[in-house]
Amino acid sequence: MNIAVFVSGSGTNLQAIIDKIDDGYLTNTKIALVISSRDDVYAIERAKTNNIPCSVIKRKNYKTLQEYDKSLLNELSNKSIDLIVLAGFLSFLGPDLINEYKNKIINVHPSLIPSFCGEGMYGIKPHKAALARGVKITGATVHFVNEHYDCGPIILQKAVQIEDTDTPEVLQKRVMKECEHIILPQAIKLFLENKIEIVGNKTFIN
Ligand code: GRF
């Protein structure tokens, strides 16, 4: 199975996938391509270190979402991609790409959706919002991507306790390490083993 990983940042989720392929947890799986929305991020170094082809496709270089989608689709074409994984990817995808890869795009979000998600809620912001609201647990969600921000069928979620002394940065690191980096490879494995059934806006793991 070939996967394409879309990144915009440090690439720790990309690294988690690489590590789970290397340790045999993800079998018959190859990261065929990494696409970054930025050219100054460490995720690109991680791809290079692991001999993974990497392209930079910046949203700001395209006048319209449709042209951006077209560029992404062109980069993905003839690579027999079975699954697109958004791993810290911060650009919005348009209907052309989403329809071409319907129910074959998953995203990891650093909160327990439907809390602290939606447009503009990315990176450190969900953690700041969780601390501001005073919730006692937070975590991460892996979901299918549809045409609305963070609204596709949820595949997996994992929670952690929030400590009274937590700062947004400390909480983000705990959620990444104890949640994101665990459930993203798990969701990929479930998908590649065809164990995820989508019914309406829900999933059932078989
Ligand atoms: C992570 O919190 C991820 O959930 C969010 O972007 C942050 C950076 O991810 N979408 P990564 O280290 O680039 O994988």
Side-chain angles (χ1 to χ4, degrees), residues 3-22 25-26 29 31 33-50 52 54-59 72 83-93 98 105-133 135 137-146 148-152 154-162 166-189:
I3 62 177
V5 183
F6 288 20
V7 298
S8 299
S10 54
T12 63
N13 281 287
L14 167 64
Q15 189 65 54
I17 301 167
I18 290 168
D19 294 347
K20 286 299 181 186
I21 291 173
D22 288 350
Y25 175 77
L26 290 172
T29 307
I31 302 175
L33 176 66
V34 167
I35 293 180
S36 178
S37 65
R38 292 175 51 181
D39 54 14
D40 57 347
V41 292
Y42 192 63
I44 294 173
E45 294 310 310
R46 296 183 196 269
K48 286 179 181 168
T49 304
N50 290 276
I52 301 168
C54 185
S55 307
V56 177
I57 302 181
K58 298 180 183 179
R59 173 68 183 84
L72 292 170
L83 176 67
I84 296 172
V85 180
L86 307 187
F89 188 67
L90 298 179
S91 292
F92 188 65
L93 301 178
I98 288 169
I105 309 174
I106 65 174
N107 178 54
V108 60
H109 179 77
S111 78
L112 297 175
I113 288 175
S115 297
F116 315 121
C117 65
E119 189 163 359
M121 200 49 94
Y122 57 84
I124 198 78
K125 293 177 183 175
H127 305 294
K128 284 185 174 175
L131 290 171
R133 181 63 184 84
V135 294
I137 62 168
T138 187
T141 302
V142 178
H143 62 93
F144 283 106
V145 172
N146 63 21
H148 305 294
Y149 266 106
D150 299 331
C151 287
I154 291 171
I155 303 168
L156 293 174
Q157 294 187 300
K158 192 169 187 297
V160 289
Q161 290 288 338
I162 291 179
D166 276 345
T167 63
E169 292 72 20
V170 166
L171 183 54
Q172 179 178 44
K173 282 190 177 58
R174 185 179 313 126
V175 168
M176 288 172 88
K177 184 168 182 289
E178 297 182 24
C179 303
E180 297 176 46
H181 300 165
I182 307 290
I183 63 174
L184 186 56
Q186 283 179 345
I188 293 170
K189 185 176 179 70

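Ligands are counted one by one from 1 in listed order, and the atoms in each one are counted from 1 as well.
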Which residue and atom name correspond to the protein heavy atom nearest atom 8 (C) of ligand 1, and how close is it?
M176 CE, 4.0 Å
Under 3.5 Å donor-acceptor, T141 side chain and Q157 backbone
no
I'd like to check whether L90 has a polar contact with ligand 1, where a contact means an N/O of the residue lying under 3.5 Å from an N/O of the ligand.
no
For atom 5 (C) of ligand 1, the protein heavy atom that lies nearest, with its residue and separation
G88 CA, 3.9 Å
Please report the C-alpha distance between R46 and V7 in whole Å, then the side-chain angles of each, then the deciding distance to 0.1 Å, and finally whether the side chain to side chain contact (heavy atoms under 4.5 Å, CB included) criterion is met.
CA-CA 11 Å; R46 296 183 196 269; V7 298; over 6 Å; no
Is ligand 1 less than 4.0 angstrom away from at least one heavy atom of G11?
yes
Considering only non-hydrogen protein atoms, determine which one is nearest to atom 9 (O) of ligand 1 and report residue, atom name and distance to 0.1 Å.
N13 ND2, 3.6 Å
Separation of L86 CG from F6 CZ (nearest 0.5 Å):
7.0 Å
Might you confirm whether atom NZ of K128 has over 12 heavy atoms from other residues, nucleotides or ligands at distances under 6.0 Å?
no
Looking only at side chains, do H181 and T12 share a donor and an acceptor under 3.5 Å apart?
yes
Heavy-atom nearest neighbour in the protein, as seen from atom 1 (C) of ligand 1, with distance rounded to 0.1 Å:
E180 OE1, 3.3 Å
Under 4.0 Å from a heavy atom of Q172: give me the atoms of ligand 1 that qualify, with their elements.
2 (O)
One pair to check against side chain to side chain contact (heavy atoms under 4.5 Å, CB included): F89 and N107. What are the steps and the verdict?
CA-CA 8 Å; F89 188 67; N107 178 54; 5.6 Å; no
